[in-house]
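See below for the structure under consideration.
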Amino acid sequence: MLDSTRYESDASDSADLATERSLAEDIKALVSDGRLLAEAEIDFHKKRAIYGANEGKNVAISFAIAGVLAFFAVMGLVFGLILALGQIITYWGSTAVVVGALLLVALIFVSKGKSRLNRMKAVLSTEEEA
């Protein structure tokens, strides 16, 4: 910790203190304080990185569990949709309709992703040239 008590004095004692203290002592105190500050800063950033890594792991686990549960929910919805449409049209026909609709939505998102990727490449290539 910083030793701030060695610098506390009254205004009347400042002249006496200045004559008692040497420049070498002041430099040693400054180096010591700087070392303590650097160690505290490094320790703070280490703890911050450990906290971020642990919380990042917990966030990733939460999202992974949510993704698995959402996947099974969507699969249940697809299966129910196929069964419900099977009452109206044949089961093979309802399977084809549901799969076709899902593929159409997937193609829309692929197209959207490609355009974003091309836009990102264009932005990054112009930044590299600049």
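Along the sequence shown, residues are numbered consecutively beginning with 1. Every heavy atom of this structure was used, including side-chain atoms; hydrogens, water molecules and symmetry mates were not.
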Just verifying a value: how many Å separate [X] [atom1] and [Y] [atom2], rounded to the nearest 0.5 Å?
X     : Y     : atom1 : atom2 : value
Leu85 : Thr90 : CG    : OG1   : 10.0 Å
Lys28 : Leu30 : NZ    : CG    : 13.5 Å
Leu37 : Asp33 : CG    : CG    : 6.5 Å
Leu81 : Thr95 : CG    : OG1   : 10.0 Å

Determine whether [X] and [Y] fall in the same hydrophobic cluster, where Ile, Leu, Val, Met, Phe, Trp and Tyr are linked whenever their side-chain heavy atoms lie under 4.5 Å apart.
X     : Y      : result
Ile82 : Leu102 : yes
Ile42 : Ile50  : no
Ile88 : Val97  : yes

Pairs where residues 94-121 contributes a residue and the test salt bridge (charged side-chain N to carboxylate O under 4.0 Å, His left out) is met, not counting sequence neighbours =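 For residues 94-121, and leaving out neighbouring residues, there are no salt bridge (charged side-chain N to carboxylate O under 4.0 Å, His left out) pairs at all.
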
Pairs involving residues 54-81, ordered by first then second residue, that meet side-chain hydrogen bond (donor to acceptor under 3.5 Å, both in side chains) (sequence neighbours left out) =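 Not a single pair qualifies under side-chain hydrogen bond (donor to acceptor under 3.5 Å, both in side chains).
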
Minimum heavy-atom distance between Ser94 and Ile89, given as atom pair plus value =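 Scanning both residues, the minimum pair turns out to be N-CD1, 3.5 Å.
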
Is atom CZ of Phe79 surrounded by more than 12 heavy atoms (other residues, nucleotides or ligands) closer than 6.0 Å?
->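 At most 12 heavy atoms, drawn from other residues, nucleotides or ligands, come within 6.0 Å of this atom.
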
Under the side-chain hydrogen bond (donor to acceptor under 3.5 Å, both in side chains) test, residues paired with Asp43 that sit two or more places apart |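 With neighbours one apart ignored, the set is Lys47.
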
Within-4.5 Å side-chain heavy-atom neighbours: Ile65 and Leu69 |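 Side-chain contact under 4.5 Å: yes.
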
